[in-house]
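Since the structure comes first, as structure tokens, the remarks are kept for the end.
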Amino acid sequence: MTAVAARCRSCGGASLELILSLGETPLANALLTAEQRSEPEARFPLDLVYCPDCALVQITETVPPEQLFSHYLYLSSFSDTMLQSAEEVANRLTDRRHLGPASLVVELASNDGYLLQYYKRRQVPVLGIEPAANIAKVAEEKGIPTLVRFFGEDVARELRDQGKTADVIHANNVLAHVADLNGFVAGIALLLKDQGVAVIEVPHVKALVEHLEFDTIYHEHLCYYSLTALQPLFQRHGLTIVDVERLPIHGGSLRFYASKSGTASEAVTRLKAEETEAGIASFEFYRDFGQKVAGLRERLRTLLQSLKKEKKRIAAYGASAKGSTLLNYFGIDGETLDFVVDRSTVKQGLYTPGTHLQILPPEALVERRPDYVLLLSWNFADEILAQQAAYRKQGGRFIVPIPDVKVV
Ligand SMILES: [Zn+2]
């Protein structure tokens, strides 16, 4: 057990323990232009630690958000799975909470309006808060009013002073990105009506550890949550976690509901018991995570090396941050992989951080016919395998790297 000189982002505890060091890596979303390939890339330490005082798993390094998000090219709308999930939850909340023209739904890190558009369709007023100006502009063009700001206590207070409080606040996959965690949750409490509800999605650290999803670890993700760690964080700001759902998205996520009154549902009690039984609040649960990841690296590298010996041509699918963590930590680069494909048109023509693989459209798989494709976006495996039916019909095969190496 190695002690770390840093403070817990939630409780301020000073006894952080090292789980896994991924070394110094480039920013996972910092895709490069052809010219930038010859310039030095900024690298930052990536150390995963555990707080024994509140059970929060986190990384120690905070890269300034301006530096992280200037590279932010990810648009949620590009994933069918996420859109379906967004539409379903918007309809359900509109019905159950009887939302109408006098209500307000706010989304924090609202992206291009992929979620709020479904409330707007139901005539419910919406407000997006999104720090990336280029993405906020896309939302505005779709008719989603969007504030270009990083959300925190100050923004919440300004909105409250303008008489704007929310019936529903959504925060999907943003809580992991927040450096001032207590300011963010305090802001939610300020912005929320007394009877309102905050609906928050986070990847579940239990799934991360049990399924070896180490590629979720990158500088944008400062924290990795369990219900056990979330409860004291929200309680501190007068919010109770009243309900929770498990979602398969991103390899296993939690969608939890926080409000100013009410008591924990049976689902909350059940998940808390499950986490306690697994040992979430003990360092033992995380102790052999690093060794297991090293074993996975060995198995994947061995497979790729033997395929290269047979003169097989290998590409990759998914120029995502996940993919960047995996390739950089496993040391898989242009010697093994010919190129990477991605559906996002804004990424095509650029190069992957650290490993400098060219990013091409998915059609390149059918055109160039690599023998194997390393599926870096394994969290969307079903969707991608279905989309790539033509390539697979030609005899192309996918290598799924996580939770264990599998050829399909
Ligand atoms: Zn803590």
Side-chain angles (χ1 to χ4, degrees), residues 1-22 44-65 68 108 150-153 171 173-190 198 200-210 213-214 216-242 244 252-254 256-258 264 268-269 271-290:
M1 186 180 315
T2 314
V4 178
R7 292 266 178 179
C8 172
R9 296 172 185 275
S10 176
C11 75
S15 322
L16 302 180
E17 294 161 13
L18 185 68
I19 300 171
L20 171 66
S21 176
L22 294 165
F44 301 88
L46 192 50
D47 294 332
L48 190 72
V49 300
Y50 168 76
C51 173
D53 298 323
C54 75
L56 183 63
V57 174
Q58 52 204 292
I59 61 168
T60 50
E61 188 81 5
T62 306
V63 178
L68 279 179
L108 314 179
F150 281 101
F151 181 76
E153 224 173 333
N173 298 305
V174 58
L175 203 58
H177 298 242
V178 175
D180 179 11
L181 202 49
N182 284 295
F184 192 88
V185 180
I188 292 176
L190 264 177
I200 300 170
E201 291 183 23
V202 290
H204 193 193
V205 74
K206 183 167 182 283
L208 184 152
V209 172
E210 289 179 344
E213 295 163 2
F214 79 97
T216 310
I217 304 164
Y218 44 88
H219 295 99
E220 281 88 335
H221 288 166
L222 303 171
C223 297
Y224 305 81
Y225 294 99
S226 59
L227 179 64
T228 304
L230 285 163
Q231 280 176 325
L233 170 62
F234 279 73
Q235 208 71 62
R236 203 176 293 138
H237 302 284
L239 295 169
T240 302
I241 296 178
V242 292
V244 66
S253 294
L254 301 179
F256 63 93
Y257 298 75
V268 172
T269 312
L271 178 59
K272 182 69 182 292
E274 183 190 315
E275 287 186 353
T276 303
E277 182 158 7
I280 285 276
S282 144
F283 185 73
E284 288 306 308
F285 181 70
Y286 311 92
R287 190 185 289 281
D288 58 357
F289 180 66

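Values below: every heavy atom of this structure, side chains too, minus hydrogens, waters and symmetry copies. The model shown is predicted, which means the values in this text are computed figures rather than measured ones. As the structure lists them, so they are numbered: ligands from 1, and atoms in each ligand from 1.
- Using a 4.5 Å cut-off on side-chain heavy atoms (C-beta onward), L48 and Y224 make contact.
- Among all heavy-atom pairs drawn from L222 and H219, the shortest one is CD2-O, 3.6 Å.
- The backbone N or O of G12 sits less than 3.5 Å from a side-chain atom of R7, completing a donor-acceptor pair.
- Judged by distance alone, the side chain of Q58 and the main-chain N or O of R9 form a donor-acceptor pair under 3.5 Å.
- Within the protein, the N, O or S atoms lying under 2.8 Å from the Zn ion (ligand 1) are C8 SG, C11 SG, C51 SG, C54 SG.
- With ring centers used as reference points, F234 lies under 6.0 Å from F256.
- Remark: aromatic rings of F289 and F214 are distant, center separation not under 6.0 Å.
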